[in-house]
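Everything below concerns the one structure shown next.
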Amino acid sequence: MKKFAVGSVFIKLILLYTFFAFTFSSCQSAQLAESEISPTPTATPQNANDNINRPTSEPYKGDLSIFEGEKRAENSQIERVMDILKISGGKTIADLGAGSGWFTVRAAKRAGKTGKVYAVEISEDAIKYINERKQKEN
């Protein structure tokens, strides 16, 4: 029977997310006027079921190909990251916050025909983009 270390996989996903968050945090920045910043809610929930109106950002609606830069693989050291995560043939991988599917495609190539890659994304536009990419890039 094969053991599956859920904890180590979770830790690796957190490390991967942290790596990408710090790597790409400086890719795009914008200055917001004070009037554009949503106020932070001050209500404290009485219990976990209380419905508090929290500000959320809108999903990105622009051109997703901006995340496909020539140097992205080199700058993010994606091959090294996938080596560290032990992404290889037959593995099952989840790409949380998949965006344009940039990482999803690379992980799928590594996982091969016997592996599975799940692209998890909240933006309907991004999901459509990833599905089109799946068809185009096989």
Side-chain angles (χ1 to χ4, degrees):
M1 177 180 252
K2 189 175 179 181
K3 285 188 173 183
F4 184 74
V6 175
S8 67
V9 172
F10 180 71
I11 290 170
K12 288 176 184 176
L13 284 172
I14 295 298
L15 290 173
L16 180 66
Y17 174 78
T18 304
F19 175 81
F20 281 112
F22 285 115
T23 301
F24 299 109
S25 64
S26 62
C27 287
Q28 293 183 357
S29 61
Q31 293 285 8
L32 294 177
E34 193 170 324
S35 62
E36 295 176 297
I37 300 172
S38 299
T40 304
T42 56
T44 304
Q46 297 295 326
N47 62 51
N49 295 325
D50 284 350
N51 186 10
I52 296 177
N53 186 14
R54 292 189 174 105
T56 59
S57 60
E58 292 295 318
Y60 178 73
K61 296 281 188 190
D63 179 12
L64 290 168
S65 69
I66 68 165
F67 301 110
E68 308 292 323
E70 291 177 26
K71 295 244 179 207
R72 182 172 177 183
E74 180 184 336
N75 291 343
S76 65
Q77 301 179 36
I78 193 61
E79 294 300 321
R80 181 171 176 245
V81 169
M82 289 194 290
D83 287 342
I84 291 168
L85 293 173
K86 296 181 171 77
I87 295 175
S88 60
K91 297 284 181 147
T92 299
I93 301 122
D95 184 4
L96 306 177
S100 69
W102 184 86
F103 177 78
T104 308
V105 169
R106 282 149 183 82
K109 287 178 183 174
R110 280 245 188 155
K113 293 183 181 192
T114 58
K116 290 183 180 180
V117 178
Y118 295 94
V120 181
E121 179 56 57
I122 63 169
S123 167
E124 292 295 326
D125 291 341
I127 292 168
K128 181 180 175 193
Y129 188 91
I130 293 168
N131 283 326
E132 289 170 359
R133 184 175 196 162
K134 181 177 102 174
Q135 295 300 319
K136 183 171 60 175
E137 297 185 38
N138 205 14

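As the structure is a prediction and not an experimental result, all values here were calculated from the model. We're numbering straight along the sequence, starting at 1.
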For this session: Report the residues that fulfil salt bridge (Lys or Arg N to Asp or Glu O under 4.0 Å) with K61, sequence neighbours left out, ordered by chain and then residue number.
Result: D125
Exercise. Sequence neighbours excluded, which residues qualify as side-chain hydrogen bond (donor to acceptor under 3.5 Å, both in side chains) partners of S100?
Worked result: E68
Exercise. Rounded to the nearest 0.5 Å, how far does CH2 of W102 lie from OG1 of T104?
Worked result: 10.5 Å
For this session: Find the distance between NZ (K109) and CE (M82) and round it off to the nearest 0.5 Å.
Result: 9.5 Å
Problem set entry | From CG (D95) to OH (Y118), nearest 0.5 Å | 13.5 Å
Exercise. Hey, are the side chains of E132 and K128 touching, using non-hydrogen atoms and a 4.5 Å cut-off?
Worked result: yes
Problem set entry | All side-chain contact (heavy atoms from CB on, under 4.5 Å) counterparts of A126, not counting sequence neighbours | L64, E121, S123
Exercise. Which residues satisfy the salt bridge (Lys or Arg N to Asp or Glu O under 4.0 Å) test with K113, sequence neighbours excluded?
Worked result: none
For this session: Check I130 against G99 and note the closest heavy-atom contact, atom names and distance.
Result: CD1-O, 3.3 Å
Problem set entry | Residue pair V117 / A111: nearest heavy atoms and the distance that separates them | CG2-CB, 4.3 Å
For this session: Kindly work out whether a path of hydrophobic side-chain contacts (I/L/V/M/F/W/Y, heavy atoms less than 4.5 Å apart) joins I127 to V105.
Result: no
Seminar exercise, completed: The side-chain hydrogen bond (donor to acceptor under 3.5 Å, both in side chains) partners of R110 (sequence neighbours excluded) come to E79, D83
Problem set entry | Nearest-0.5 Å distance, OH of residue Y129 to CG of residue D63 | 6.5 Å
For this session: Check side-chain hydrogen bond (donor to acceptor under 3.5 Å, both in side chains) between E137 and all other residues, then give those that pass, not counting sequence neighbours.
Result: R133
